[in-house]
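Data first, discussion second: the structure below is written as structure tokens.
Predicted model only: the values in this text are computed from it and were never measured. Hydrogens, waters and symmetry mates are skipped; everything else that's a heavy atom, side chains included, is used. We name chains A, B, ... by the order of the sequence lines, and we start the count at 1 in each one.
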4 protein chains.
Amino acid sequence: MSKTPVHTAGPVGKTSTERAGAAKRPRRKRAEQSAARRDAIVAAALAEFCERGYAATRLDDVAKRAGVAKGTIYLNFRDKEALFQEIVVTMMVPVIAPMDAPPPQEMPTRLIVEAFAHKFIREVYGTERRHVLRLIMTEGPRFPSLAEHYYRNVVERAVGRMRALLERGLARGEIADRTLIDHPQLVVAPMMMIIIWGALFERYAPLDIEGLVKAHLDILFGKARAS
Amino acid sequence: MSKTPVHTAGPVGKTSTERAGAAKRPRRKRAEQSAARRDAIVAAALAEFCERGYAATRLDDVAKRAGVAKGTIYLNFRDKEALFQEIVVTMMVPVIAPMDAPPPQEMPTRLIVEAFAHKFIREVYGTERRHVLRLIMTEGPRFPSLAEHYYRNVVERAVGRMRALLERGLARGEIADRTLIDHPQLVVAPMMMIIIWGALFERYAPLDIEGLVKAHLDILFGKARAS
Amino acid sequence: MSKTPVHTAGPVGKTSTERAGAAKRPRRKRAEQSAARRDAIVAAALAEFCERGYAATRLDDVAKRAGVAKGTIYLNFRDKEALFQEIVVTMMVPVIAPMDAPPPQEMPTRLIVEAFAHKFIREVYGTERRHVLRLIMTEGPRFPSLAEHYYRNVVERAVGRMRALLERGLARGEIADRTLIDHPQLVVAPMMMIIIWGALFERYAPLDIEGLVKAHLDILFGKARAS
Amino acid sequence: MSKTPVHTAGPVGKTSTERAGAAKRPRRKRAEQSAARRDAIVAAALAEFCERGYAATRLDDVAKRAGVAKGTIYLNFRDKEALFQEIVVTMMVPVIAPMDAPPPQEMPTRLIVEAFAHKFIREVYGTERRHVLRLIMTEGPRFPSLAEHYYRNVVERAVGRMRALLERGLARGEIADRTLIDHPQLVVAPMMMIIIWGALFERYAPLDIEGLVKAHLDILFGKARAS
DNA sequence: CATGAATGAGCATTCATTCAT
DNA sequence: AATGAATGAATGCTCATTCAT
């Protein structure tokens with residue numbers, strides 16, 4: 001029922017245990033340094049890809065930002081595309097992983113969805129993953145394998161979970177009918193929207209995210225007494 | 001009360017009356033041919049931009065696809081960016097224009113929103129404009145002036161209209177509370193989602209658009225007796 | 001002893017009798033209009049070539065400046081190079097022509113040279129021919145036929161005349177020795193210099209042309225009592 | 001009294017110690033190779049610019065001639081214009097530098113001017129700098145900053161030196177009057193002329209440079225007993 | 001391993017020249 | 001004759017990738 005392995009559509013590359021530290025402590029083992037360098041590249045590449053998109057990102061800039069030589073990138077990633085895919089895939093892993101845990105038995109459906117929404121706001125919208133998610137939407141059409149990977153590992157599973165959750169809610173009388181069960185995408189639609197909206201219009205028209213999410217849940221499940 | 005002029009952020013270029021026909025009918029006037037060529041360029045560019053995104057599109061390919069020489073593009077558009085913006089702006093004009101018409105007095109709020117949704121499905125999702133809309137979401141962050149143009153002319157106005165409509169619905173007792181009025185973006189969120197979803201996952205997981213829209217409306221306004 | 005024909009190194013094109021008049025008088029004969037157009041092209045081309053040099057001049061700009069269509073240039077000149085050569089050659093004809101007249105018997109050598117210098121100042125340095133002369137110096141190396149044409153028709157003849165004149169001056173006791181006769185180029189060296197200097201440094205260091213020429217003659221022939 | 005710094009109008013770039021050798025000796029250090037390549041580019045660019053002028057020179061040809069890839073040019077120079085300016089500026093530095101040394105006290109004025117003239121003949125006219133000087137005259141009008149740089153660093157200073165020298169000659173009774181002092185440009189006019197003449201007419205009418213210079217000095221200072 | 005100089009295919013843009021109207 | 005839209009070869013510049021050090 002869990003531990004479903006992540007489908008890897010393409011080469012994912014090696015992972016590293018250590019977060020990139022800019023500080024260059026003198027007496028570090030080779031492996032450590034190497035891992036740090038790799039992480040620095042990933043972080044720099046993420047930033048650049050987010051700012052400019054895939055095609056417009058220059059590996060030169062990535063290297064500069066990471067503080068490594070351009071050649072070093074090629075020691076860790078086959079090419080630009082592999083670097084891109086790696087980033088998109090690994091950044092989403094921590095979000096995917098906990099999804100396999102079954103929902104707590106006691107909690108009302110609405111609260112579970114609410115928790116899910118807040119988790120999304122906190123851990124995706126509120127972090128760099130927000131940009132990664134946008135990259136997937138943005139570059140997906142040109143990287144079908146990436147889109148598929150994401151669909152298989154994230155979307156499909158999330159939709160399945162959501163449906164199961166709603167089914168349970170229906171059984172427990174917390175949900176009136178099958179409308180939402182048949183179209184669980186409607187639950188997440190506003191989340192995709194705030195990612196897009198944020199990227200496009202944040203400057204002139206910032207969204208009240210909290211209010212929006214609460215309103216969404218109120219509409220889906222009926223007005224709540226307390227948030 | 002209407003006829004708000006379209007804010008033009010940049011140069012929009014000349015329009016042409018005739019749709020591009022690949023066939024080269026012999027007895028055509030200069031101006032006609034020229035317009036046809038221009039249209040062919042626009043069509044070809046749209047296709048290429050959709051397939052590859054802005055940065056990865058080669059004007060060489062656009063020219064080839066349009067059946068014109070590369071230089072001809074520059075007779076009609078200042079540069080690649082102008083071509084891109086022109087496409088994005090002009091393709092959306094026919095969608096924007098009718099938006100200023102006030103909603104029919106008699107029609108119930110739900111029906112108006114429903115009509116709006118179906119119009120979107122028919123005229124945007126069901127046409128090439130679907131790709132244009134995706135391009136706006138996709139490339140917008142790198143073309144702030146474009147995003148702003150779109151926001152001022154489409155989003156802002158649409159949101160305003162929607163809010164006014166809902167306000168009227170509230171006054172007429174068709175809507176229970178202000179939840180949706182405060183967050184009219186929730187009305188359109190699924191529409192943005194289907195655009196993205198369609199581009200990314202259509203192959204593995206096609207959406208039941210009609211059903212989704214109906215479900216969305218049912219959730220917003222309560223189950224309808226008939227669609 | 002005179003009327004030596006002008007050696008034409010390359011194609012020179014047709015000449016026209018009428019100066020370009022911008023005004024478009026309605027009832028003019030075809031031939032007249034055509035000639036006016038041709039002259040307008042020549043004038044415009046001269047201005048553009050002077051401002052930008054041969055390679056950087058666009059025929060588009062020439063046409064615009066002349067108020068004709070681009071194609072019209074090709075009705076009058078085989079190509080860009082022919083237009084260029086035509087200009088350089090014809091502009092200098094009026095300067096070359098009178099050179100064949102023998103010097104007045106009575107006039108002292110110094111006065112003849114002085115008259116020549118002032119004529120140069122007046123008719124070359126003081127007119128657009130100044131730029132033509134610069135173009136010859138500037139673009140000559142890349143148009144050997146042009147350089148040769150100019151050498152045969154202007155330089156060679158001018159040097160010969162000058163030498164003959166000086167020879168006469170020696171015979172008449174107006175000149176002390178053969179120094180200048182052996183290097184008549186020294187007579188014209190300052191004239192070449194002021195053309196170049198004017199083009200490069202006029203802004204920061206304008207030359208006192210009159211004073212310079214007088215000083216030059218004073219040095220060549222001894223201080224004059226009156227200018 | 002000397003060491004006036006060279007006004008640098010634009011970026012001058014790095015210098016390299018080694019002359020470009022086409023031969024690829026195997027055991028050379030990176031920096032050395034790089035410098036050699038840079039020098040090869042400069043040499044090739046100089047040759048091309050001289051043959052064709054600025055606008056008509058193709059960087060492709062420069063690269064081919066230098067035996068490097070096109071991209072390598074851009075590792076050393078921002079763009080075509082920077083390459084051009086760099087060449088013109090650096091080639092003239094060795095000529096400018098010694099100009100600040102005060103003239104030897106003992107030497108007669110004529111001999112100093114003579115030495116200057118011969119130095120010019122030897123180090124400019126007799127070397128590639130001859131072409132550089134022509135490029136300055138040729139392209140100056142289209143590169144005002146270049147013309148100004150050259151004026152400030154070379155012409156202005158040279159004219160000042162010359163005037164001071166002549167002033168001293170006047171004080172010492174070696175010069176009869178102020179004619180030349182007021183127009184020191186007359187001293188260098190023949191040098192500009194021989195550069196131009198050489199570029200245009202050398203084939204049909206080579207100049208006797210030595211004789212010309214001697215004649216010039218004879219005219220300026222009176223016939224010398226011995227050269 | 002790490003570096004970064006070198007490479008060269010790739011692309012946007014320009015402009016002399018042609019030719020249908 | 002005159003026009004100017006169309007052409008496409010030419011060219012400056014970029015940037016992913018390689019490889020000698």
Side-chain angles (χ1 to χ4, degrees), chain A residues 30-31 33-34 37-38 55-64 67-81 83, chain B residues 26-35 37-38 55-64 67-81 83, chain C residues 30-31 33-34 37-38 55-64 67-81 83, chain D residues 26-35 37-38 55-64 67-81 83:
Chain A
R30 279 281 197 87
Q33 283 220 18
S34 180
R37 250 185 273 262
R38 189 193 149 85
T57 289
R58 282 164 305 200
L59 293 191
D60 238 338
D61 290 343
V62 172
K64 208 166 294 166
V68 303
K70 217 175 346 163
T72 307
I73 295 175
Y74 286 85
L75 295 176
N76 290 279
F77 305 91
R78 187 162 22 74
D79 57 15
K80 188 184 179 184
E81 190 173 327
L83 172 60
Chain B
R27 280 269 133 213
R28 216 159 23 161
K29 272 169 288 168
R30 275 270 201 94
E32 256 177 282
Q33 282 222 23
S34 181
R37 249 183 270 260
R38 190 193 149 88
T57 288
R58 284 164 303 205
L59 292 192
D60 241 337
D61 290 344
V62 172
K64 211 165 293 167
V68 303
K70 210 166 3 152
T72 307
I73 297 175
Y74 288 86
L75 293 176
N76 291 280
F77 304 93
R78 192 165 14 74
D79 55 15
K80 189 184 179 183
E81 189 172 329
L83 172 60
Chain C
R30 278 283 196 85
Q33 283 218 19
S34 180
R37 249 185 273 263
R38 189 193 150 84
T57 288
R58 283 164 306 200
L59 291 192
D60 239 338
D61 291 343
V62 172
K64 207 167 293 164
V68 303
K70 218 177 343 165
T72 307
I73 296 175
Y74 286 84
L75 294 176
N76 290 278
F77 304 93
R78 187 163 22 75
D79 58 13
K80 189 184 179 184
E81 190 173 327
L83 172 59
Chain D
R27 281 268 133 215
R28 215 156 28 159
K29 271 169 287 169
R30 275 274 201 91
E32 255 177 282
Q33 282 222 21
S34 181
R37 249 184 269 261
R38 191 193 148 87
T57 288
R58 283 164 305 205
L59 291 192
D60 242 337
D61 290 344
V62 171
K64 210 164 295 167
V68 303
K70 204 158 22 141
T72 307
I73 296 175
Y74 289 86
L75 293 177
N76 291 280
F77 304 93
R78 191 166 15 74
D79 56 14
K80 188 184 178 183
E81 189 173 329
L83 172 60

- For D:Val68 and B:Asp79, take the nucleotide of DNA chain E holding the closest heavy atom to each; which residue's nucleotide lies nearer the 5' end? D:Val68

- Message: Rounding to an integer number of Å, can you tell me how far D:Leu59 CG sits from E:dT7 P?
- Response: 15 Å

- Query: Of the nucleotides F:dA5, F:dG12, F:dT17, which one has an atom closest to the side chain of B:Leu75?
  - Reply: F:dA5

- Message: What is the distance, to the nearest angstrom, from the CG atom on C:Asp61 to the P atom on E:dT14?
- Response: 12 Å

- Query: Taking C-beta and beyond as the side chain, do A:Asp61 and A:Arg58 meet within less than 4.5 Å on heavy atoms?
  - Reply: yes

- Task: Take atom NZ of D:Lys80 and atom P of F:dA10, then tell me their distance rounded to the nearest Å.
- Result: 16 Å

- Message: Considering every strand and a 4.0 Å limit on heavy-atom distances, what is the contact class for B:Lys70: base, sugar-phosphate, or nothing?
- Response: base

- Message: From C-beta outward on A:Ser34, which listed nucleotide comes closest to its side chain: F:dG4, F:dC15, E:dC1?
- Response: E:dC1

- Task: Using only side-chain N and O atoms of D:Arg37, determine if any of them is under 4.0 Å from OP1 or OP2 of E:dA5.
- Result: no

- Task: Five pairs at each end of the helix from E:dA2-F:dT21 to E:dT21-F:dA2: take the axis at both ends and give me the angle between them to 10°.
- Result: 0°

- Item | Side chain of A:Thr72 - closest among F:dT3, E:dT3, E:dA12 | E:dT3

- Query: To the nearest angstrom, how far is C:Arg58 atom CZ from E:dT13 atom P?
  - Reply: 16 Å

- Among F:dC15, F:dG12, E:dT21, the one nearest B:Gln33 by side-chain distance: E:dT21

- Message: I'd like to know if the side chain of A:Lys80 reaches the main chain of A:Thr57, judged simply by a donor and an acceptor atom lying under 3.5 Å from each other, with no hydrogens or angles considered.
- Response: yes

- What is the distance, rounded to the nearest whole Å, between atom CZ of D:Arg38 and atom C1' of E:dG4? 17 Å

- Message: How many whole angstroms separate atom CZ of C:Arg78 from atom C1' of E:dT18?
- Response: 16 Å

- What is the distance from CG of B:Asp60 to P of E:dG10, rounded to the nearest Å? 11 Å

- Query: Where is the tightest heavy-atom contact between C:Ala56 and D:Ala55, given as atom of each residue plus distance?
  - Reply: N-CB, 4.3 Å

- Nearest-0.5 Å distance that lies between atom CD1 in C:Ile73 and atom CZ in C:Arg38: 12.0 Å

- Message: Within this structure, what is the CZ-CG distance for the pair A:Arg78 and A:Leu83, rounded to the nearest 0.5 Å?
- Response: 11.5 Å

- Search all heavy atoms of A:Asn76 against all heavy atoms of A:Thr72 and return the closest pair with its distance. ND2-O, 3.1 Å

- Query: How close or far is atom C1' of F:dT21 from atom CD of D:Glu32, stated in whole angstroms?
  - Reply: 13 Å

- Please tell me which of B:Ala56 and B:Gly71 maps to the more 5' nucleotide of DNA chain E, matching each residue to the nucleotide holding its nearest heavy atom. B:Ala56

- Task: Measure distances between side-chain N and O atoms of A:Lys64 and base N and O atoms of E:dG4, and say whether any donor-acceptor pair falls under 3.5 Å.
- Result: no

- Task: Choose from F:dC13, F:dG8, F:dG4 the nucleotide whose nearest atom is closest to any side-chain atom of C:Ala69.
- Result: F:dG4

- Message: So, taking the atom named CG in B:Asp79 and the one named CG in B:Leu59, what distance separates them when rounded to the nearest 0.5 Å?
- Response: 9.0 Å

- Item | Partner set under salt bridge (Lys or Arg N to Asp or Glu O under 4.0 Å) for D:Lys70, not counting sequence neighbours | D:Asp60

